[in-house]
Each structure stands twice: as C-alpha cells, then as structure tokens.
Number of protein chains: 2
Amino acid sequence: MRVLDVIKQFKNKGYKVTPQRRAIINALLLSDGPPTATEVLEKARVSHPGVSLDTVYRNLNLLVEMGCLIQINLKNNEKSRFEIVKSHHHHLVCLGCGESVCLEQCPLLERDLELAKEKGYKVMGHAFEIYGYCPACQKTV
Amino acid sequence: MRVLDVIKQFKNKGYKVTPQRRAIINALLLSDGPPTATEVLEKARVSHPGVSLDTVYRNLNLLVEMGCLIQINLKNNEKSRFEIVKSHHHHLVCLGCGESVCLEQCPLLERDLELAKEKGYKVMGHAFEIYGYCPACQKTV
DNA sequence: CCCCCAAATAAGAATGTTCCTATTTAGAAT
DNA sequence: ATTCTAAATAGGAACATTCTTATTTGGGGG
C-alpha cells in the first residue's frame, strides 16, 4: 500500500485531496504497529503542522468507511487503534496493555446479512473483538 | 428474571448488596427496550434518589462481566444500551436512530478461542455488532 | 450488639471522540 | 486565470464514559 494508492481511492470516490489528508495517510504508513488517533496526529504534524485532532478523527473514520483502515476498539475509555488494511480481519485485544493479535477469519455469518436484508436494513459495516489478558498482563495482577 | 435472582448472583460472587444496586436492577427490569445508562439512572433515582451516574456505569459494567447484561455498542459517541440477558446474542444496530435487532447466532469461532489459548491469552469476553441503516432512517436521508 | 475493613459510593475531574460553526479551499465551470 | 460552491478544516464546546479521591457502609467476627 502506497500513499498514491489511497490518494487514488479518494479521487475515485469524489473526495478532495487535501494536504491534511496526505499527511494523515503518510503518518499511517510510517507507523510500525497500529497507531492511536493522537499518534497519527503527531506524525501528521511533522509534514503539516496545522492539522487538528478533529480532522484526524474525521479522516480515520472516513478511511474505515472506505475499507482502507481497520479500527481496533479497546475498552475502558482507551484510545482506538487503526491498522492499514491488507486483508479484512479482526482482533484479540488485551484489556491490560491494549496490544492486539490478528484473528484469522471474519466470523460474519451470511445468515445475519440475510436477516438484515429481510428487516430492510442497509448494512454499512460490522465490529468484532475478543477481549482478554495477554501473558504479561496476567502476571502483573 | 427477577430482582431476587440477580441479588442472589451478587451474593454468590461475594459482592455486597447495596440499595443502589437494588435500584439499578429494578430500573433494568422495569424498562421496555434496552435502556441507556442515563435512562437507568433516572429510573433508579425513583427508588433511591441519591444514586450517581458513576455508580450506574460501574454496576452496568459489573453486570455485563457477570453475564447478566448484554451491552449494545452504538457508534458516533451515542450512548450504549443494556439488555437483560435471556440468552447470549448480538445485535444489528441502526446508525441513524440507534434501534437494534437481535441476531440469532453468536459468531464466535472455536478456532479463535484456541488461537487465544495458544498465545497465552486469558479470554474475558467479546463484542460483535453489525451496523447499518433501518428502513425509516434510509428514507430520512 | 458493636467494631472493623474491604468494598462501594458520590462528586467532580479527566479522557477519548464527536459535534458545531465560522472560515478556508480543492477543483469544476466559466 | 477567475469565479464559484460544496466539501474540508480549525478550534473549541459538548458528550459518553471512566478515573481519582475522600467518605460511607454492608456484613462478618469478636
């Protein structure tokens, strides 16, 4: 995944290409692990100092909607983390330190999508997380 | 499910039985749909005026952990809703109005639990939601 | 019945995220 | 190039939820 690939997706979908967006995409690609929104903000401000946190959140959400990012929901008011999509998947999340392990398979059932259709719902996405404690955090208790 | 059933569970697990807890359980049982935390607060204050919002959240989380409640995570900073457990299940949630439809089957895969075990994780729970727009909210757009 | 203390609570501060509004701007049309 | 407009932004307010700390209390043991 390159910056230009994401830019291309923005153009295809009719979204504008702003310097803030370039900076945010760059920041995401430069991170090692899945960063939090504030980590993205910091990295984005290197190339575009004025970016606001709101803009970061707005665009992270947009990228999730576009299918370019996976959002990892932690618990206890901890910051979510965002991972560039290679293939669609979900996470096993540590309640202690927030680290995550990728799960192999998306558990979304065909039956549920049919049910949604029957009920007249227009499905936009889904979320799935398994919560627990990693070996290190179990010792800390 | 009666108030006394939940009270019994509190005692079994070594938790204290406080008037606030009685009021909260009452409030949950008196609601028609799955209420939000503030709706629980309002109803609980009828029987115990002094209850604080923090106490409501603390006990709702405890009840989820105990397996007595299902938490329905909405998006966009909307309040979560809490449903008394009859049997374990998940929800199809409307992004517009927050209404939810119960899904028939929990999609948690045995394979994922094995993976968690291999990685040394102690699994505490999981979350699954499908997001979309209900028929009414599709028209509003 | 009274003491004791871990557990529970109230109140408000703090945190993560979204919303509101006035201002700016990308990119299409001229 | 210039103008125009819907989309995007910055900044701060608002919101849901959790955390911190000092105080209270349920319920077990003397």
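Everything quoted here is computed from the prediction, not taken from an experiment. Residue numbers start from 1 in every chain, and the chains themselves are labelled A, B, ... in the order their sequence lines are given, proteins ahead of strands. Values below: every heavy atom of this structure, side chains too, minus hydrogens, waters and symmetry copies.
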Colleague: Nearest-nucleotide wise, let me know which of B/V17 and B/K79 is further upstream toward the 5' end of DNA chain D.
Modeller: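 This one resolves to B/K79.
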Colleague: Which heavy atom of B/C94 sits nearest to which heavy atom of B/C134, and what is that distance?
Modeller: SG-N, 3.4 Å
Colleague: Could you check which residues of residues 52-60 of chain A get a heavy atom under 4.0 Å from DNA chain C? Sort them by number, please.
Modeller: A/L53, A/D54, A/Y57
Colleague: What pair of heavy atoms forms the shortest contact from B/A44 to B/V51, and how long is it?
Modeller: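 B/A44 and B/V51 have their closest heavy atoms at O-CG2, 4.2 Å.
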Colleague: Using five pairs at either end of the helix from C/dC1-D/dG30 to C/dT30-D/dA1, determine the angle between the two local helix axes and round it to 10 degrees.
Modeller: 30°
Colleague: Which ring pair (Phe, Tyr, Trp, His ring centres under 6.0 Å) pairs, counting each pair once, include a residue from residues 90-127 of chain A, with sequence neighbours left out?
Modeller: A/H88-A/H90, A/H88-A/H126, A/H89-A/H91, A/H90-A/H126, A/H90-A/F128
Colleague: Taking all non-hydrogen atoms of both residues, which atom of B/A127 and which atom of B/N73 are closest, and how far apart?
Modeller: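 Distance-wise, the nearest heavy atoms are CB-OD1, 4.2 Å.
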Colleague: For the pair B/Q138 (side chain) and A/G120 (backbone), establish whether a donor and an acceptor sit closer than 3.5 Å, ignoring hydrogens and angles.
Modeller: yes
Colleague: Give me the atom names and distance for the closest heavy-atom approach of A/V40 to A/P35.
Modeller: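 The answer is CG2-CG, 3.7 Å.
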Colleague: Are B/L115 and B/R111 close enough that some pair of their side-chain heavy atoms sits under 4.5 Å apart?
Modeller: no
Colleague: Reading DNA chain C in the 5' to 3' direction, which nucleotide is the first one with an atom under 4.0 Å from a heavy atom of chain A, and which is the last?
Modeller: C/dT15 to C/dG27
Colleague: Starting from C1' on D/dA16, measure out to CD on A/E78 and report it in whole angstrom.
Modeller: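 Spelled out: CD on A/E78 to C1' on D/dA16 is 17 Å.
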Colleague: Give me the atom names and distance for the closest heavy-atom approach of A/D112 to B/Q105.
Modeller: OD2-O, 4.3 Å
Colleague: Starting from C1' on D/dG26, measure out to CZ on B/F10 and report it in whole angstrom.
Modeller: 14 Å
Colleague: Looking at B/E99, I'd like to know if its CD atom is crowded, meaning that more than 12 non-hydrogen atoms belonging to other residues, nucleotides or ligands lie closer than 6.0 Å.
Modeller: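 Open: at most 12 neighbouring heavy atoms sit under 6.0 Å from CD of B/E99.
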Colleague: Atom CD of B/Q71 to atom C1' of D/dT18: distance rounded to whole Å?
Modeller: 12 Å
Colleague: I'd like to know if B/R81 and B/E39 make a salt bridge, using a cut-off of under 4.0 Å between side-chain N and carboxylate O.
Modeller: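 B/E39 and B/R81: salt-bridged.
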Colleague: In whole angstroms, how far is the P atom of D/dA16 from the CD atom of B/E39?
Modeller: 11 Å
Colleague: Any side-chain heavy atom of B/V101 within less than 4.5 Å of one from B/I130?
Modeller: no
Colleague: Side chains of A/Q71 and A/S80 only: does a donor on one sit below 3.5 Å from an acceptor on the other?
Modeller: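 Yes.
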Colleague: Identify the two heavy atoms, one from A/I84 and one from A/L29, that lie closest to each other, and give their separation to 0.1 Å.
Modeller: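 Looks like CD1-CD2, 4.0 Å.
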Colleague: Between A/K16 and A/F10, is NZ or CZ placed under 6.0 angstrom from the six-membered ring centre and within 45° of the ring axis?
Modeller: no
Colleague: Report yes or no: do B/R21 and B/T18 form a side-chain donor-acceptor pair below 3.5 Å?
Modeller: no
Colleague: For B/N61 and D/dC19, what is the distance between atoms CG and C1' respectively, to the nearest whole Å?
Modeller: 12 Å
Colleague: Would you find a donor on one side and an acceptor on the other, under 3.5 Å apart, between the side chain of B/D5 and the backbone of B/R2?
Modeller: yes
Colleague: Using a strict heavy-atom distance below 4.0 Å, which residues from residues 19-38 of chain A are in contact with DNA chain C?
Modeller: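 Heavy-atom cutoff 4.0 Å gives A/P19.
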Colleague: Would you tabulate the pairs of protein nitrogen or oxygen atoms and nucleotide nitrogen or oxygen atoms of nucleotides 4-6 of chain D closer than 3.5 angstrom?
Modeller:
from	atom 1	to	atom 2	distance (Å)
D/dA6	N3	A/K16	NZ	3.4

